[in-house]
Structures are given as C-alpha cells and as structure tokens.
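Worksheet for the structure shown next.
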Amino acid sequence: MKNPAYILPSAQYKRKATIFSVLSIIVIGCCWFVEFNPFGFFSEFHFVQDLLGEMFLPNFEIIWDDNSMALSILQTLSMAFLGTFYGGFVAIILSFLSATPTMPIVWIRNLTKFMLSLIRVIPSLVIILIFVIAVGPGAFAGVLTLVITTIGTFGKLFTETIDNTENPAGEAIFSVGSNRVQMIKYSIVPQILPSFIGNLLYAFDINMRAAIGLGIFGGGGIGYKLHMAMRVLHYKDATALIALIIVLVTIVEKISNTLRKRVI
C-alpha cells in the first residue's frame with residue numbers, strides 16, 4: 001500500500017497552483033473590465049494587415065528631401081542632452097541632501113526625499129501637457145519635462161548609491177580631524193563617481209527615447225514630425241521616420257553602453 005504522502009499534492013504544488021489561479025482571475029477580470037478580447041489578435045488581424053499595406057514600402061525620400069529633418073534630429077538629441085545635463089545636476093545635489101552619510105540634519109533629508117518621491121509619481125505625459133500649456137509646444141517644453149523626470153528617477157537612484165557607500169573610510173577621515181565636506185570629497189565622491197557617470201549615460205539613453213515620445217505630444221523634434229505624418233495619414237512617410245528613429249536610438253544606445261563599460 002502506497003504512503004498517502006506520495007499521493008496528495010505537495011505544498012509547493014499547492015502554492016504554484018494558487019498563484020496561477022489568482023493570476024488567471026486577475027487577467028480575466030482586467031480583460032472583462034476594459035472589454036479587451038485577447039483572441040482579437042487573430043480574429044481581427046485583417047485590420048493590421050490593411051494598416052501594414054498602407055505603411056509599406058516606406059517613403060525614405062522624405063528623410064533627405066525634407067530640409068528640416070536634420071534640424072529635427074539635432075533638436076531631439078539636444079533635448080535629451082540638456083534634459084540629462086540639467087536634470088542630472090539637480091538630481092546629484094538633491095541626492096547629497098537626502099542621503100544619510102552626507103546630510104546629518106534629519107528634517108532636510110526627509111523633506112528632500114519627499115520632494116523626490118512627489119516628482120517621481122507624476123507621469124511624464126502629464127508633465128509635458130502642463131509645460132505645453134505653460135510655455136507653448138516645442139523643444140523647450142520637452143527639455144523641461146525631461147529635466148523634471150530625470151530629477152525624480154535618478155535622484156532616488158543617486159541617493160541609494162550614496163547610502164550604500166562604505167563607512168570605514170569616512171570614519172577614518174573624521175578621526176583625524178577632518179570636517180564633513182572633506183569627508184565627502186575624499187571618501188564618498190571617489191566611491192560614487194563611476195556609478196554616477198554610468199547612470200548619467202544611462203539617463204541620456206533613456207531621455208533619447210523619451211524625447212521622441214514627448215515630441216508626439218508637442219515636445220518638438222523628430223517625434224513631432226512622426227506625429228504630423230500620422231495625423232495627415234502619410235503612413236509611408238511615418239514608416240520611414242520610424243525606421244530612422246530605430247537607427248538613431250540604436251546608435252545612441254551603442255555609444256552609451258560603450259562609454260558606460262569604460263567608466264564602470
């Protein structure tokens with residue numbers, strides 16, 4: 001006679017079955033709530049085929065025939081660079097004010113952390129809409145949005161980097177009579193500098209993609225040209241612009257990864 005322990009489901013099997021059942025219920029509930037039919041990918045695929053027929057073959061002539069295309073690409077790169085530069089600069093300052101090893105005053109540290117958390121929870125699309133209303137559509141609104149999102153995202157990351165530094169080096173500097181500024185300069189900065197530079201390069205990579213997306217919502221650059229091509233139903237032009245964006249983002253990503261590996 002077999003031992004009942006070998007017949008009954010194990011605790012691990014019950015746990016996996018419970019997780020799978022809960023996830024299935026959540027997925028089905030979300031699909032029902034938003035009236036999404038997962039099988040529509042197959043039953044309604046002819047609409048996608050019609051769209052692809054209108055988008056191919058791409059009209060690559062628009063890239064060299066449009067005199068403002070190079071300016072739009074340069075504008076997108078400039079938006080990403082300026083958003084990373086100014087946003088990263090402010091994020092570094094706020095990270096020193098919110099990290100425990102560099103800011104001993106508790107209320108300043110907590111207030112700065114609260115500001116970073118508040119900035120981080122606001123979606124970038126909401127921010128771009130606010131700046132478009134405030135300063136008008138264009139690259140300036142896009143740069144301001146990238147600055148704010150970079151501060152929120154990388155301010156927290158930089159703070160965690162400072163908090164994770166090794167304390168013995170700072171304690172040794174304090175023990176010989178140095179002040180806090182000297183401790184930060186000779187103990188903390190050498191530990192965090194490679195990570196900060198690598199993260200800023202990564203921020204530029206992210207902001208490059210974000211600048212294109214923000215352009216669709218009035219942020220200027222090549223994203224705005226893509227939006228206009230889709231708006232006037234020039235789908236072949238839009239396909240060419242999408243191909244150009246893919247090449248541009250890939251080049252920036254390769255350069256960013258190479259520089260990060262050399263720094264880190």
Side-chain angles (χ1 to χ4, degrees), residues 51-52 54-91 119 122-154 197-260 262-263:
L51 179 60
L52 292 177
E54 295 181 5
M55 297 181 70
F56 287 92
L57 293 169
N59 179 26
F60 288 108
E61 294 181 358
I62 188 177
I63 297 176
W64 48 82
D65 288 344
D66 191 345
N67 297 328
S68 62
M69 187 61 64
L71 182 61
S72 297
I73 296 175
L74 182 61
Q75 193 176 56
T76 300
L77 291 170
S78 301
M79 289 167 56
F81 176 77
L82 293 175
T84 304
F85 180 80
Y86 288 107
F89 179 75
V90 177
I119 295 173
I122 304 176
S124 58
L125 296 182
V126 174
I127 298 175
I128 184 63
L129 291 177
I130 293 174
F131 281 126
V132 166
I133 296 172
V135 302
F140 185 50
V143 170
L144 293 176
T145 303
L146 292 176
V147 169
I148 297 300
T149 55
T150 301
I151 292 172
T153 302
F154 289 88
I197 295 175
N199 286 325
L200 286 175
L201 292 171
Y202 178 60
F204 177 72
D205 189 8
I206 293 178
N207 285 339
M208 180 64 195
R209 294 176 173 84
I212 297 171
L214 294 176
I216 298 176
F217 293 88
I222 194 172
Y224 182 73
K225 282 193 169 294
L226 176 61
H227 169 67
M228 293 304 298
M230 296 293 290
R231 188 173 183 179
V232 297
L233 308 181
H234 291 174
Y235 295 122
K236 296 184 185 298
D237 295 347
T239 308
L241 291 173
I242 292 173
L244 176 62
I245 289 171
I246 293 174
V247 172
L248 186 62
V249 170
T250 302
I251 293 174
V252 171
E253 182 181 11
K254 294 296 182 182
I255 295 174
S256 176
N257 289 338
T258 302
L259 294 176
R260 279 210 314 274
R262 290 187 178 183
V263 170

Given 3.5 Å as the limit, does a donor-acceptor pair link the side chain of Thr76 with the main chain of Ile212, or not?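 Side chain of Thr76 to backbone of Ile212, a donor-acceptor pair under 3.5 Å: no, none is there.
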Check: [Y] and [X] side chains under 4.5 Å, non-hydrogen atoms:
X: Leu77; Y: Val252; result: yes
X: Leu248; Y: Met208; result: yes
X: Leu82; Y: Leu146; result: no

Within this structure, what is the [atom1]-[atom2] distance for the pair [X] and [Y], rounded to the nearest 0.5 Å?
X: Glu253; Y: Ile206; atom1: CD; atom2: CD1; value: 10.5 Å
X: Tyr86; Y: Ile151; atom1: OH; atom2: CD1; value: 12.5 Å
X: Leu226; Y: Met228; atom1: CG; atom2: CE; value: 11.0 Å
X: Leu129; Y: Thr145; atom1: CG; atom2: OG1; value: 8.5 Å
X: Leu125; Y: Ile128; atom1: CG; atom2: CD1; value: 8.5 Å
X: Thr250; Y: Ile245; atom1: OG1; atom2: CD1; value: 11.5 Å

Please identify which of these residues, Ile127, Ile148, Thr153, meets the side chain to side chain contact (heavy atoms under 4.5 Å, CB included) condition with Ile119.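 That would be Ile148.
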For [X] and [Y], which heavy atoms make the closest approach, and how far apart are they?
X: Gly136; Y: Ala141; value: O-CB, 3.7 Å
X: Asp205; Y: Ser256; value: CB-OG, 3.9 Å
X: Met79; Y: Gly142; value: CE-CA, 3.8 Å
X: Phe81; Y: Phe204; value: N-CE1, 3.5 Å
X: Ala80; Y: Ala211; value: N-CB, 4.5 Å

